[in-house]
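Each remark here refers to the structure printed beneath this line.
Note that this is a predicted model, so its numbers are computed, not measured. Sequential numbering from 1 along the given sequence is applied to the chain's residues.
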Amino acid sequence: MTPPAPRSGGVVATVLVLALWLGAAIYFAVAVAPAAFRVLPTRTLAGALVGGTLPAIFVSGIVALLIAALLAWRDPAGAPGRSVRLAASLLAAALCAVAQFGVDPRIERLRASLGGALEGASVGDPARAAFGRLHALSVGLLGLAMVLAIVVLVVASRHLLTRPPE
């Protein structure tokens, strides 16, 4: 016997919510952040702009991914892709939360301890090296959350494309 199919409304909502968040996250990563560093007169200003807008990406990611997890959880047990959508959504939301509430505050404290101007620190300065590690971690967390969101999006979309019309 085949397991009951998930309600398509939840799958459609998952696709919509994650497509919107992924669009914003991709736009931020490929357009906003690079443009800030290219056009603003100092790296300090560019960092302030990027750091000031990044919370919107992380917090909206947490919300969107928790919505996707809730919608997956509401599907019947055994529904196609349910466990993948649920696990990937929860993990991606957790990654955004770690970046927003764990890594980014440490970056801001480090930036403040340097007087806001990271570019003034020498290349061998331990604070600058710590900033580099934290920045790489933040980028990695966002990137991995985006990949997991794409997995959820593909699994949900695949279900919509293979399901017979209601």
Which atom of [X] lies closest to which atom of [Y], heavy atoms considered:
X: Pro105; Y: Ala99; result: CD-O, 4.4 Å
X: Ala88; Y: Val152; result: CB-CG2, 3.5 Å
X: Leu71; Y: Gly10; result: CD1-O, 3.5 Å

> Got more than 12 heavy atoms from elsewhere within 6.0 Å of CZ, Phe37?
Replying inline: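 It does: Phe37 CZ has more than 12 such atoms within range.
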> side chain to side chain donor-acceptor pair (under 3.5 Å): which pairs involve residues 132-155, sequence neighbours left out?
Replying inline: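 Side chain to side chain donor-acceptor pair (under 3.5 Å) check on residues 132-155 returns Asp104-Ser138.
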Nearest 0.5 Å, what's the [atom1]-[atom2] distance between [X] and [Y]?
X: Leu91; Y: Leu144; atom1: CG; atom2: CG; value: 6.5 Å
X: Leu70; Y: Leu90; atom1: CG; atom2: CG; value: 10.0 Å
X: Thr14; Y: Arg85; atom1: OG1; atom2: CZ; value: 5.5 Å

>> Running the 4.5 Å side-chain criterion over Ile, Leu, Val, Met, Phe, Trp and Tyr, what cluster does Val147 land in, apart from itself?
In response: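 Noted: Val147 shares its cluster with no other residue.
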> What residues join Leu16 in its hydrophobic cluster, counting side-chain heavy atom gaps under 4.5 Å, either direct or through other members?
Replying inline: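 Same cluster as Leu16: Leu20.
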> Does Val155 belong to the same Ile/Leu/Val/Met/Phe/Trp/Tyr cluster as Ile67, with side-chain heavy atoms less than 4.5 Å apart forming each link?
Replying inline: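 No, it is not one cluster - the side chains of Val155 and Ile67 are not joined through contacts under 4.5 Å.
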>> Could you see if Val98 belongs to whatever hydrophobic cluster contains Ile62? Use Ile, Leu, Val, Met, Phe, Trp, Tyr and a side-chain cutoff under 4.5 Å.
In response: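 In one cluster with Val98: Ile62, no.
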> Are any of the side-chain heavy atoms of Leu142 and Val139 separated by less than 4.5 Å?
Replying inline: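 No, every pair of side-chain atoms sits at 4.5 Å or beyond.
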>> Does any part of the side chain of Trp21, heavy atoms only, come nearer than 4.5 Å to the side chain of Cys96, both counted from C-beta?
In response: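 A side-chain contact exists here, since the closest heavy-atom pair is under 4.5 Å.
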With sequence neighbours excluded, tell me which residues meet side chain to side chain contact (heavy atoms under 4.5 Å, CB included) with [X].
X: Val15; value: Leu153, Ala156, Ser157, Leu160
X: Ala92; value: Leu65, Ala145, Leu148
X: Leu134; value: Val103, Arg106, Ile107, Leu110
X: Ile150; value: Leu22, Val154

Anything under 3.5 Å between a donor and an acceptor, one on a side chain of residues 77-84, the other on a protein residue two or more places apart or in another chain? List them.
| residue | atom | partner | partner atom | Å |
| --- | --- | --- | --- | --- |
| Arg82 | NE | Ala72 | O | 3.2 |
| Arg82 | NE | Asp75 | O | 2.9 |
| Arg82 | NH2 | Trp73 | O | 2.8 |

Taking only distance into account, with no hydrogens and no angle test, what donor-acceptor pairs under 3.5 Å do side-chain atoms of residues 47-59 form with protein atoms, sequence neighbours excluded?
| residue | atom | partner | partner atom | Å |
| --- | --- | --- | --- | --- |
| Thr53 | OG1 | Leu49 | O | 3.1 |
| Thr53 | OG1 | Val50 | O | 3.1 |

